[in-house]
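We use all heavy atoms of the structure for the numbers below, so side chains are in, but hydrogens, waters and symmetry mates are not. In what follows, every chain begins at residue 1, and chains take the letters A, B, ... in the order their sequences are listed.
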Number of protein chains: 4
Amino acid sequence: MAGSVNKVILVGNLGRDPEVRRMTSGEPIVNLSVATSESWRDKASGERKEKTEWHRVVIFNENLAKVAEQYLRKGSKIYLEGQLATRKWTDKDGQEKYSTEVVLNRFRGELVLLDGRGEGAGGGQSFGGGSSYGGGQGRVSGGSDAPASFDRGELDDEIPF
Amino acid sequence: MAGSVNKVILVGNLGRDPEVRRMTSGEPIVNLSVATSESWRDKASGERKEKTEWHRVVIFNENLAKVAEQYLRKGSKIYLEGQLATRKWTDKDGQEKYSTEVVLNRFRGELVLLDGRGEGAGGGQSFGGGSSYGGGQGRVSGGSDAPASFDRGELDDEIPF
Amino acid sequence: MAGSVNKVILVGNLGRDPEVRRMTSGEPIVNLSVATSESWRDKASGERKEKTEWHRVVIFNENLAKVAEQYLRKGSKIYLEGQLATRKWTDKDGQEKYSTEVVLNRFRGELVLLDGRGEGAGGGQSFGGGSSYGGGQGRVSGGSDAPASFDRGELDDEIPF
Amino acid sequence: MAGSVNKVILVGNLGRDPEVRRMTSGEPIVNLSVATSESWRDKASGERKEKTEWHRVVIFNENLAKVAEQYLRKGSKIYLEGQLATRKWTDKDGQEKYSTEVVLNRFRGELVLLDGRGEGAGGGQSFGGGSSYGGGQGRVSGGSDAPASFDRGELDDEIPF
DNA sequence: TTTT
DNA sequence: TTTT
């Protein structure tokens, strides 16, 4: 096809800790549940309303998976870029189901930590300590070496430009 | 919630003509089926592979609905921005289903025609000629008044900035 | 021209308080100075390097101007969307200069507060009577509620969709 | 700094052929001049107005540079992603000048051909024929396919996901 | 179901 | 299930 673009940009919070698994080949699969919400005042009633949308995010990228595993926790606020993918699956009753996910894979995807303050993370836990994240677009944060942003690129890399 | 962002950006082609309906209140509901695809050469086999993703796009915005109805056709190439929304519904067998859609509503959404060459459109059909689209961000195209881009703003409006 | 898109997305921090002025017509002009930075480890030297980019952001949109004036301070972290515009000006020595800015105007632009914790803001200062961040992608606000996210749309509006 | 994002998305047309140079190290420097425009009808006068913005785009990425050199021509319509960078330089009169550019470098940047119909390209000129760039959002390649989309990744690569 |  |  003449060129196409499939891009999702989310800024939201994790509803729970990342779920990290590995394929038998060793490839990572990290599932994130990300909430975005909007609120508005209803014109008729004058009430404030709020609607939260939950996004299934799947990370297949090795570097981003490591980052998610190490630095993301329930409550973490993140910026992420991925692409939409809908997959078909069959539930236990033989029903065909579809699930649409935001995928960050080897080729596409970006993850930026907007705080390091999910449960368990950021607080007592030490980022850095010889750690060396921060490559690529890495925006490292904090007194330590805790990364605040990553992309799929190699970590510990050369000058960006 | 402290601020969040829920944004989808697609550049792709319509797999079929837009489906246009109206709610009893008169509000428009336009369904688009948009394809994006990627191709790559498989390292192992050396074969070219291609994967097409189909996106359900729903337009609730009056102005964008009009534009879609008038100018989009099967095959049309568009740039669009919307937000992800997943809704639950029950099929005829009483099964719960979820559908994730890219929504362009009153508040959010943008539509840019990247060609005017879908079936039926652009060819013999005249754009413009008294038409007056092009407002808001309108990028009008062609010799005539055919719009190539719109947003949810009022059409025929003042200077953008 | 057949449709075009001109979009900038920044997540960064304000280097100083917003500068707010008004045209004689009453139209607002708010200038923001927004920093984005990236860090990486230099492959050759092994040193960590960091580069900060400063962005000139100009808000011509009444609602966003109010939000910026009320809620943004030096240090505030924001997500924003605008468009690139380069303008020519002549300095005091008669030299022609160009300045490229990220513009949020009546038609385009979005502003999301990612924290309310810039200097002066958020701390002792009270947002809205007891309330009530209105956040989310809240096109929001109202009487006294501090919004956390806005777009150019009317505030206090109906249900988004 | 806690994570930041610096992203520009443009859909526009090249005002002239790409200018391709190489650093002594062999690194590519490709300059593009990309136009985006908006038109609108002035409320007061009823006249149609149009404003074109010209963007300086610089590609430091080897793969994207090749693609630009081979497939882009004056008039080509593209989707691109890059980041804002402002650099200082001194003109021949010793005056300090600033230039803001949209940069696609080793780490960041994407380029999608929305048509292959710039001057010289697409028309008589053959894409493919031994060429090996690939279409789609192809990070890609392919026997004889004219490319429609690339990112900074390696070409001829494995399955995306 | 599109497009190349 | 998050966040405010």
d(CG, L14(A); P, dT4(F)) in whole Å: 14 Å
Residues that K92(A) engages under salt bridge (charged side-chain N to carboxylate O under 4.0 Å, His left out), provided they are two or more places apart: none
Whole angstrom value for the distance that separates P of dT4(E) from CG of D115(B): 9 Å
Nucleotide nearest K74(A) (side chain, heavy atoms from C-beta), chosen from dT1(F), dT3(E), dT1(E): dT1(F)
side-chain contact (heavy atoms from CB on, under 4.5 Å) assessment of E110(A) paired with L104(A): CA-CA 7 Å; E110(A) 200 163 323; L104(A) 289 75; 5.7 Å; no
Distance-only donor-acceptor test, T52(B) side-chain atoms vs dT1(E) base atoms, 3.5 Å: no
Candidate nucleotides dT1(F), dT3(E), dT3(F), ranked by approach to the side chain of S37(A) - the nearest: dT3(F)
Under the salt bridge (charged side-chain N to carboxylate O under 4.0 Å, His left out) test, residues paired with E47(A) that sit two or more places apart: none
Separation of atom CZ in R56(B) from atom C1' in dT1(E), rounded to whole Å: 13 Å
Length of the line joining L114(A):CG and dT4(F):C1', which is rounded to integer Å: 15 Å
Whole-Å gap separating P (dT2(F)) and CG (L32(A)): 15 Å
Student check: side-chain heavy atoms of L32(B) and I78(B) closer than 4.5 Å: yes
Nearest-angstrom distance from the residue atom CG of N13(B) to P of dT3(E): 6 Å
Atom-pair distance (CG on N31(B); C1' on dT1(E)), nearest Å: 14 Å
pi-stack flag for W54(B) and dT2(E), centroid dist under 5.5 Å, interplanar under 30°: no
Spacing of K77(C) atom NZ relative to dT4(F) atom C1', expressed in whole Å: 18 Å
Closest listed nucleotide, where the reference is the side chain of A35(B) and the choices are dT2(E), dT1(E), dT3(F): dT2(E)
